[in-house]
Every structure is written in structure tokens, then in C-alpha cells.
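Being a predicted model, the structure only gives us computed values, none of them experimental. Chain naming here is simple, since letters A, B, ... match the order of the sequence lines and numbering starts at 1 in each.
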Amino acid sequence: YKRLKGFNVLHPMGYDSFGLPAEQYAIQTGQHPAITTEKNIARYREQMDKIGFSFDWEREVRTSDPSYYKWTQWIFIQLFNSWYNNKCDKAEKMETLIAEFEKNGNANVNAVCDEEVKNFSAADWKNFSEKERSDMLMHYRLAYLGEAIVNWCPQLGTVLANEEVKDGVSERGGYPVERRSMPQWSLRITAYAERLLTGLEDIDWSEAIKEQQRNWIGRSYGCSIRFKSLGGKSPEHDIEVFTTRPDTLFGVSYLTLAPEHPLVEKITPPTHRDEVNAYVAYAKNRSERERMADVKKVTGVFTGHFVIHPFTKEKIQVWIGDYVLAGYGTGAVMAVPAHDERDHTFARHFGLPLKQVIELPEGWNLEKASYDEKKGKVINSDFLDGLEVEKAIEICISKIEENNFGKGKVNYRLRDAIFGRQRYWGEPIPVYYENGIPKTMEEKDLPLELPKIDKFLPTETGEPPLARAQDWKYKGKYEYEKTTMPGWAGSSWYYLRYMDPHNDTAFAGKEALEYWKDVDLYIGGAEHATGHLLYVRFWTKFLKDLGYISIEEPARKLINQGMIQGRSNFVYRVAPLFVWGANSPEEKAVLPAIFVTKSIRDQIAHGALDEKISNEIHSTGISLFKKLNPGKEFLKFETIIHCNDLHVDVSLVNNDILDIDKYKKWSQDIVEPTFYNEPSGEYICGWEVEKMSKSKFNVVSPDDICNEYGADCLRLYEMFLGPLEQSKPWNTNGITGVYNFLKKLWKLYEPFTSPLERSSPANAGPGEAAPSKQELKILHKTIKKVQDDIDRFSFNTSVSNFMICVNELTDLKCNKRAILEPLTIVIAPYAPHIAEELWEKLGHKESITYAQWPALKEEYLVESAFNYPVSFNGKTRFFHEFDLSLSKEDIEKEVLALEDTRKYLEGKSPKKIIVVPGRIVNIVV
RNA sequence: GCCUGGGUGGUGGAACUGGUAGACACGCAGGACUUAAAAUCCUGUGACUCUAAAAAGUCGUACGGGUUCAAGUCCCGUCCCGGGUACCA
């Protein structure tokens with residue numbers, strides 16, 4: 001902590017390991033439902049006191065480091081003022097785009113967004129109002145304000161990340177969560193999709209991470225196809241689909257739109273309107289409920305609208321189905337039930353026709369399953385007949401383009417990244433509003449620090465906490481943006497700030513940037529694969545485009561350390577109760593807070609719940625709900641009996657038995673929970689071994705081990721547990737082995753640690769004798785192995801090698817300075833505290849950190865002979881020592897002359913003799 | 001389903017480019033010291049067969065094949081486990 005502070009860079013992520021102090025602070029002063037506990041606050045303070053670090057607590061929390069905030073905000077402004085130029089595939093300053101508008105008014109040049117912007121003349125541009133211009137430019141900015149669908153939790157007053165939502169309710173507290181479209185600041189990472197993908201080829205990252213990023217970006221090549229409406233409606237009613245299989249165009253039997261598709265309203269004829277509206281309303285709420293009930297139901301509705309097949313001119317039905325995602329491609333698909341599994345399911349369910357257009361393998365039954373393989377000959381398809389699928393795709397696209405029905409296109413799964421958070425902590429977004437137009441602050445006014453507020457909760461009207469700030473206005477009159485940046489903003493560039501942390505005039509100076517360039521080795525968790533590790537690449541490419549840095553990728557090599565796993569405990573909560581009101585048909589979901597045992601949970605999961613228990617849960621749910629809403633009448637109650645596995649803090653659990661009183665204090669359930677206990681009267685929690693993490697409440701503090709064995713022992717033990725990249729469950733079974741090793745190590749230094757016969761060069765004691773050849777060999781063997789281990793990041797074997805070394809030196813009773821001094825240096829990176837201590841005992845005034853790594857002298861390692869294993873047909877039979885200077889032929893001759901050899905040959909003559917010098921002798925009989 | 005990493009003693013793991021499988025530890029068993037316990041130290045410890053013992057032999061790196069003088073390591077197929085991801089058209 002001190003060291004970081006010395007660099008004057010303190011990132012919110014840096015706080016994280018101390019237990020989210022910002023949230024702790026919030027708890028201490030306000031009532032924000034944060035994740036942490038009083039105990040952690042106390043511990044954090046204690047830690048800070050221990051290292052003698054005092055600071056302005058309140059200010060630290062508000063702005064961990066103003067200068068760092070400043071440059072994060074500065075980068076945001078650069079993103080806001082930049083757009084993406086498809087022509088040269090890079091970011092450019094906004095002025096160039098504006099100049100282009102002013103010159104020829106054509107907004108369609110290099111549109112980075114999917115939204116079509118209408119053509120207008122240069123004169124029109126000049127006549128646009130400021131607001132109109134602002135809206136227009138928003139479509140191009142790399143940081144933009146746009147509508148985004150988010151998980152909104154009204155009770156908590158915040159947007160939740162997907163992983164914070166479980167089965168339609170918030171993981172903490174179980175409050176309902178709705179999907180809502182809200183204006184959100186977003187970053188146009190999609191503009192960099194292609195470069196983020198191709199850039200992976202040049203970096204030394206694990207294949208798993210690269211593949212995860214590739215899947216996340218999800219590049220697919222296909223084409224868009226426009227279907228004209230039947231009956232000559234305006235081109236605005238054309239439906240555009242995206243497909244990767246244009247070769248199956250002649251197999252289309254209907255089109256499907258996502259329920260949220262903007263055209264739904266326009267194309268539906270009055271005859272079908274009611275039905276369609278009802279379905280769209282149903283679909284909105286469906287996904288969450290479906291997930292709860294865990295049933296994959298096929299749903300959809302016919303719109304009553306028809307389109308025309310671009311080639312055959314056939315009439316094609318248009319349907320709405322919620323298996324089509326609004327957010328991907330065009331939000332509409334051409335359905336080819338014969339060759340797409342999802343279309344097949346849908347078509348079967350609604351009795352829509354199948355049209356085969358690809359030759360099937362022998363014995364394939366199209367009625368049962370679609371044939372999705374991208375292999376085979378195209379049939380029944382006019383000009384595509386007889387072609388192989390791949391060729392057909394190519395030809396079909398060119399034909400479509402020729403006829404102007406659509407065009408070849410690359411689509412990405414990657415979405416833009418939502419950048420605003422309805423929270424207090426985090427860098428404020430440096431934006432203010434003038435007449436409703438968002439504008440960025442001037443650089444000289446940065447940093448924008450977080451204002452003081454009285455509470456960390458959202459306002460009564462649902463605005464973020466920053467809306468509570470009094471008189472918080474830019475230049476005294478303009479409202480600031482009220483959301484703050486997410487944690488990944490600062491973490492996307494902190495490596496650059498480390499290069500030049502005190503720079504006041506730039507995020508980092510040119511000279512420093514040129515000197516340090518990229519990160520040589522980045523060690524981090526694999527869980528950041530599609531988050532931080534993608535964003536940091538994005539920001540790096542962006543800053544390079546603007547010419548601020550010269551590197552294209554942030555980190556050359558990436559190693560994912562394995563996660564230490566912990567044993568988590570679970571409670572099983574029954575999913576919400578649905579209530580239909582007496583006066584309005586509105587549906588409501590509430591959480592009854594009923595907890596069932598593992599065995600009941602399993603029954604539910606297998607759909608085999610005992611009817612008696614099911615009824616009991618139902619009535620318990622109703623009575624809990626009535627208690628919450630006294631005197632109200634309801635039409636109908638329905639309990640969706642489905643279980644959420646909820647993590648419960650391991651400190652509330654003893655031997656898997658839940659302390660129910662402690663649980664009630666700890667949880668945030670709205671109603672008094674009801675527990676279905678085991679026959680023994682206890683509630684037994686479930687358990688699982690998984691990643692150790694705050695959010696899983698299974699963190700075991702290392703403090704106890706530090707107190708008992710010391711920090712070095714903990715550190716060595718963690719390394720000794722296994723390879724760096726491997727995940728391993730935390731258990732302390734083997735720690736005594738490491739502890740014994742450290743004690744043995746200390747004993748070797750007796751002449752220097754014992755006050756009686758303290759040795760020093762001036763006063764030649766027992767430690768000052770000259771080392772023997774054997775001792776030097778042990779030392780240099782260790783140096784060599786440890787150097788190799790460090791190169792391979794194989795720290796677990798280093799610890800073994802130290803153990804071997806210390807065991808051997810102990811056997812020789814070697815406690816000579818000439819051996820121990822270099823050994824101390826080599827061990828220092830692994831056990832820094834004990835090494836520092838021993839270094840001092842050896843009489844050094846300066847820290848061991850500054851000592852020179854001992855030079856490896858190979859001459860001590862040279863062997864003159866080797867004890868060869870002699871094997872017959874690959875089976876080792878005996879050993880014999882040969883001089884290493886002997887040639888293959890000499891060894892061959894000598895081996896054959898051996899008594900043992902004759903014994904194992906059993907009179908047969910050897911067919912062949914293989915001699916690998918220094919390794920093995922193998923005789924083939 | 002797809003992608004990805006793995007499967008070695010009772011346990012964590014070692015064996016780098018094919019060349020003595022099980023290093024180093026934990027655990028366990030026996031012993032020394034001790035009134036006793038803890039701590040410490042010593043010895044043994046993959047399975048099986050044979051033997052009074054020593055010695056010797058057979059099997060053995062998830063399973064089934066293959067390449068090779070030689071396979072934990074390379075190739076083909078199968079099974080299992082962990083991680084990621086999922087109506088992405």
C-alpha cells in the first residue's frame with residue numbers, strides 16, 4: 001500500500017484487496033446495501049494503523065488519487081471527441097468528421113453504427129439546431145449516450161450486472177429486477193471488434209483466453225438480405241435479415257422478427273393487432289419466468305404480414321418469435337427449418353413447411369432433425385443447384401449484391417460496453433448538460449472530484465446517489481452527469497500511469513512511454529478474459545490511434561494464475577410467488593423467503609417434488625405475502641417451485657449446520673424467513689468447492705496462518721501447492737512440511753544467529769571456513785535449478801529444490817558463509833522476510849533487495865561419470881557406471897563384456913545396442 | 001451443444017526437448033528421546049507374486065489401439081472431471 005502510494009497511483013482496483021473500503025465507508029456513514037461487513041472495516045483500519053499509514057480517510061474514499069482520476073476522465077473526453085473511420089480502420093478526432101459534414105453533408109460516410117442516418121446537404125447541416133447536430137454526432141462518437149437495456153432493480157435503485165441477477169431477482173435480498181431501456185453512457189468497443197480479434201495472433205497469451213475473447217467477439221461472415229413487403233408498401237417496411245447461410249435462401253419458409261423489433265408495430269395489419277400486442281407484452285416478461293421454471297417453451301405469433309422472396313417472388317409469412325434476439329444482426333431472421341435447428345423446432349411447433357435445399361447424408365430424417373452442417377450439394381435452388389455449400393454462399397452473395405437485395409457483411413456478437421454506473425464511487429463522468437446537450441468539461445477544470453453527499457442511496461425519484469449533491473454544478477450553472485465510471489475505466493490504462501505517475505501535463509510523458517513500451521509479463525486471473533483484458537486492449541489501441549502511445553497491445557505475455565478455491569456453503573431458496581391482484585390484472589412477483597433442504601431442492605430440480613410439501617410451500621408463501629400486505633384481496637397466487645442456490649457466508653455455518661439466528665442478522669430478506677429443517681431440527685447447508693471470492697462468501701482469511709507460521713511460510717506454501725496456472729482448493733494439510741523447512745534453514749545459520757559464537761570475517765569463526773567441492777556443487781545445482789524454474793514460472797519446484805538443498809547441507813553440517821550468503825539471496829524472492837533477517841545476521845547493513853544475484857558456475861556441476869541404467873528391450877535391469885568421456889562405441893563394447901549383461905542375454909545375441917550418452921543404454925534382443 | 005484445460009501412489013504434486021515413473025512434501029506405520037504428551041530425529045511406504053529373510057519377478061501414469069530400440073510424454077478413438085460460454089441466425 002505504501003509503495004503504491006509512493007507511485008501516486010491508487011486505483012479503485014487497488015482498494016479491492018483490502019475489502020472495498022468505499023463500500024465500507026458507505027456502510028459506516030450511510031445505509032447503502034453494500035456487500036461487506038463491519039468486521040472487515042475494523043480489519044482494514046487495523047491494517048492501516050499497523051503499517052503506520054494515516055490518511056484523510058474521507059477524501060481517499062471520494063477520490064483515491066485526484067491526478068489519476070483526472071487522466072481517466074481526460075481519456076474519456078478523448079473518446080467522446082473521437083470517431084471511428086472505417087476507411088483507415090482507426091480512431092480519428094471528431095473535427096475531421098464535422099468538417100466532412102460541413103463540406104458535403106453526407107452522413108453515410110463510414111457510419112460506425114447500425115442506425116441509418118439520413119442524407120442531408122451541407123447547407124442542411126448548417127441549418128441544424130445545436131441539439132440536432134449533437135444527436136447526429138452521437139451516432140459516431142466512441143463514447144456516446146445511447147439507449148441500452150439494463151437490469152434495473154428499483155428497490156436497490158441501481159443497475160445490476162448480469163451475474164448479480166439470479167433467476168429474475170437480485171442475488172442479495174431477492175428484490176425483483178426488470179429489464180429496462182435507459183439512456184446510458186457507452187463505449188463503442190464494437191468499432192474495434194476486428195482489430196481486437198486479429199491482434200490476438202501477435203500476443204503470447206494462453207489459448208484459452210484468446211479463444212474466450214474470440215468467442216466473445218463472435219465474428220461471423222454472411223450477408224444481409226432485404227425482403228420487400230407484399231402489396232407494394234413503402235421501402236421502410238422492407239425487412240432486412242442477416243444470415244450466414246445465404247446458400248439456403250431457397251429453403252426459406254417464413255421470416256421471424258424479435259418481439260422488440262421496431263417494424264412489428266408498422267407491419268402488423270389491424271386484423272392481427274390484438275394478438276400481436278398480447279404476444280409482445282407476454283414475451284417481455286417471459287424470459288425471466290421461463291428461466292425460473294426452467295422450461296424451454298416455443299412461443300411465437302403470426303403477424304398477418306407477408307414479404308416476397310427476392311428470387312422466387314413467392315409469398316412468405318412473417319412471424320414473431322422470442323428465439324430471435326433483438327440485439328444481434330438485424331433482429332430478424334430468415335427461417336430455414338430444414339437446415340437450422342431453432343427454425344426447425346419453431347416450424348414443427350407451428351406446423352410450418354420444411355423445404356430441403358441441401359443434399360442429406362444417408363438415412364437422415366428431416367422430420368426429426370434439421371441438417372445444419374455446412375457440407376453437401378445444394379439442390380432445389382435455381383442458380384445454386386449442384387454447388388458445394390461454401391461455393392454457393394459465395395455465389396449467392398454476389399448475386400444478391402448484383403441485384404441490390406442486400407450485401408455481404410461481417411457481424412459481431414460483441415456489444416458496446418455500458419460505461420455509466422448508478423453508484424457513488426468511481427470516477428465521475430466529466431460531462432455537463434447545457435440545454436439538455438451533453439458536453440465535456442474543459443481539460444483545465446479536471447479532475448472532477450466526487451462531491452460530498454449525505455447518504456449513499458439513490459434519491460427517492462430513483463436518481464443515482466450523486467443527485468443528492470448540493471450545489472454541484474459546472475461553472476456554477478450546468479448540471480453534471482450523475483453516473484460514475486465503472487471499475488474497469490481506471491484499470492484499462494493504469495499500466496501506462498505506472499510509467500510516469502507524477503506527470504502533471506500528460507497521462508504519461510513521451511519519454512517514459514517510449515522507454516517502457518508494453519507490459520512484458522502480466523499475471524492476472526482468467527476471470528477477466530472478456531472484461532478487463534478486452535477493455536485494456538481496446539483503450540490501448542485507441543490511444544495508439546490518436547498517437548499518444550506507440551504500442552498496439554498492452555501486454556506481450558499473459559499468465560493466468562490458478563484460482564485458490566474455497567469451500568462454499570449454500571442455502572436453497574424457493575423462487576418467487578406470483579400474485580394476481582383483485583382489481584388490476586397486473587402480475588407481481590415476491591420472494592417468500594422460504595428455505596428448503598438439499599433433498600427437497602433435488603426433488604424440485606428433478607421435477608419430483610412431493611405434493612404435500614409442494615402445497616405446504618404454496619400456503620407458506622401465501623401467508624408470508626399476506627403478512628406483508630395486510631387487508632388486501634388477491635385473485636390468485638401461484639408459486640413457481642424452483643430453487644435458487646444462494647451462497648451463504650461460511651462464517652455463519654459450522655459443520656454445514658446453519659446458525660439461523662446469525663443468518664437472519666446477516667441476510668437482507670424482506671420478510672422473516674421460513675426454514676424447512678432436517679428431521680434433526682437443523683438446517684444443513686449444501687456445499688461446493690469453487691473459486692474463493694467475496695461474492696461467494698467462502699473467503700478464508702490468511703491471518704491465522706500468518707500468526708501461527710509467519711508470512712513467508714504462507715507464501716512458500718501457496719507456491720508449493722502446485723503449478724502457478726492450476727486452480728487448487730485451499731487446505732492447510734501440508735503446511736508443516738514448509739514450516740519444518742524454514743526451521744531447518746534457520747538452523748543452518750547457527751554460527752551467525754547464536755550470540756555465543758558469532759562469526760564474522762574479521763573474527764574467523766566456524767562459519768568462515770572454506771567450502772568444500774561438494775558443498776559448492778549443492779549450492780550451484782540449486783542456483784541452476786531455481787534459475788530455470790523462474791524462467792518457467794515453476795515456483796512449486798523451486799521450493800522443492802530449496803528443500804533438497806537444505807536437507808543436503810544439513811547432512812553435511814555445512815554452515816559456511818561462502819555457501820549460505822548466495823543461498824540467502826536465491827531464497828529471498830521466495831521467503832523475503834526470513835532472508836532479510838538472515839542477511840542482517842550475516843552482518844550486512846543494506847537490504848538483501850540490493851544484493852547481486854550469485855553467478856552460476858557450471859564448473860562445479862561437471863560430472864565425470866554417470867551411473868547408466870542398462871535396459872533390455874526397454875526394461876531396466878541393472879545399473880553400471882561409465883566415464884562420461886567414453887564414446888558410444890566404447891560403452892557398447894564395455895557393456896557387452898559385463899557379467900550382468902551376459903546373464904540377461906541368456907545366451908541370445910543382441911540385435912541392436914542403443915547408447916544415449918549421459919542417459920541410457922538399451923540392448924535389443 | 002460448442003470452446004478450453006486436465007486425468008500419475010492414501011493426498012498435493014515431480015519427471016524440461018520421448019530415455020531410471022512417483023522427486024519434494026503431507027499422511028500412515030515402526031523406532032529413538034520422554035513418567036507421558038507435544039516437539040524433534042531415524043527407518044519404511046505404488047500394487048501384486050514369491051521368500052523365513054535377502055534377492056528376484058510381474059503389473060502399473062483414465063480406457064482401447066498405434067508409432068518407436070524406448071511412450072506419463074507423440075498419433076487415432078473412447079470415457080470422466082474442472083473452467084468458460086450459449087437461442088448470435
State which of [options] makes the closest approach to the side chain of [X].
| X | options | value |
| --- | --- | --- |
| K743(A) | C87(B), U40(B), A86(B) | U40(B) |
| F720(A) | C69(B), C3(B), G12(B) | G12(B) |
| R877(A) | U58(B), U20(B), G19(B) | U58(B) |
| F866(A) | U20(B), C87(B), G19(B) | U20(B) |
| T736(A) | G27(B), C24(B), G19(B) | G27(B) |
| K912(A) | U20(B), C69(B), G19(B) | C69(B) |
| E211(A) | G13(B), C3(B), C87(B) | C3(B) |
| I804(A) | G19(B), C87(B), C24(B) | C24(B) |
| A208(A) | C69(B), U4(B), A14(B) | U4(B) |
| I920(A) | A89(B), U20(B), U85(B) | U20(B) |

Determine the contact category for [X]: base if any of its heavy atoms lies under 4.0 Å from a base atom, sugar-phosphate if only primed atoms, P, OP1 or OP2 are that close, otherwise nothing.
| X | result |
| --- | --- |
| F879(A) | base |
| V738(A) | nothing |
| S871(A) | nothing |
| L721(A) | sugar-phosphate |
| E725(A) | nothing |
| V333(A) | base |

Tell which nucleotide pairs with [N], taking only Watson-Crick or G-U wobble pairs whose two distances are both under 3.5 angstrom.
| N | value |
| --- | --- |
| A70(B) | none |
| U17(B) | none |
| C28(B) | G44(B) |
| G64(B) | C76(B) |
| A52(B) | none |
| G5(B) | C81(B) |

Pick the [atom1] atom in [N] and in [M], then give their distance to the nearest Å.
| N | M | atom1 | result |
| --- | --- | --- | --- |
| C48(B) | A36(B) | C1' | 41 Å |
| C16(B) | A62(B) | P | 16 Å |
| U73(B) | C63(B) | P | 11 Å |
| A47(B) | A29(B) | P | 15 Å |
| G22(B) | G10(B) | P | 16 Å |
| U85(B) | G13(B) | C1' | 30 Å |
| U78(B) | G83(B) | P | 24 Å |
| A56(B) | G5(B) | C1' | 43 Å |

In whole angstroms, how far is the [atom2] atom of [N] from the [atom1] atom of [X]?
| X | N | atom1 | atom2 | answer |
| --- | --- | --- | --- | --- |
| R413(A) | C88(B) | CZ | C1' | 7 Å |
| R219(A) | C2(B) | CZ | P | 23 Å |
| Q213(A) | G83(B) | CD | C1' | 16 Å |
| E240(A) | A89(B) | CD | C1' | 14 Å |
| M803(A) | G13(B) | CE | C1' | 12 Å |
| K374(A) | A89(B) | NZ | C1' | 11 Å |
| R214(A) | C2(B) | CZ | C1' | 15 Å |
| K747(A) | U40(B) | NZ | C1' | 7 Å |

Please determine, by modelled atom types, if [X] and [Y] share a side-chain donor-acceptor pair under 3.5 angstrom.
| X | Y | value |
| --- | --- | --- |
| T303(A) | Y279(A) | no |
| T244(A) | Y221(A) | no |
| Y739(A) | E708(A) | no |
| S794(A) | T797(A) | yes |
| D416(A) | T190(A) | yes |
| D343(A) | Y323(A) | yes |
| T782(A) | N801(A) | no |

Can you see if the side chain of [X] gets near the phosphate of [N] - specifically, an N or O under 4.0 Å from OP1 or OP2?
| X | N | answer |
| --- | --- | --- |
| S800(A) | G13(B) | no |
| N740(A) | U40(B) | yes |
| Q212(A) | U4(B) | no |
| N807(A) | A25(B) | yes |
| N796(A) | A14(B) | yes |
| R919(A) | A70(B) | no |
| R792(A) | A14(B) | no |

Less than 4.0 Å between a side-chain N and a carboxylate O, is that true for K375(A) and E390(A)? no
Quick one: classify the glycosidic conformation of G9(B) as syn or anti, with syn meaning within 90° of 0. syn
Test your reading of the model: is there a side-chain donor-acceptor pair from K784(A) to the backbone of L861(A), 3.5 Å cut-off? no
R245(A) side chain to D372(A) main-chain N or O, any donor-acceptor pair under 3.5 Å? yes
Could you check F242(A) against I923(A) and say which one's nearest nucleotide on RNA chain B is further toward the 5' end? I923(A)
5' priority, RNA chain B, between P869(A) and I914(A) [closest heavy atom]: P869(A)
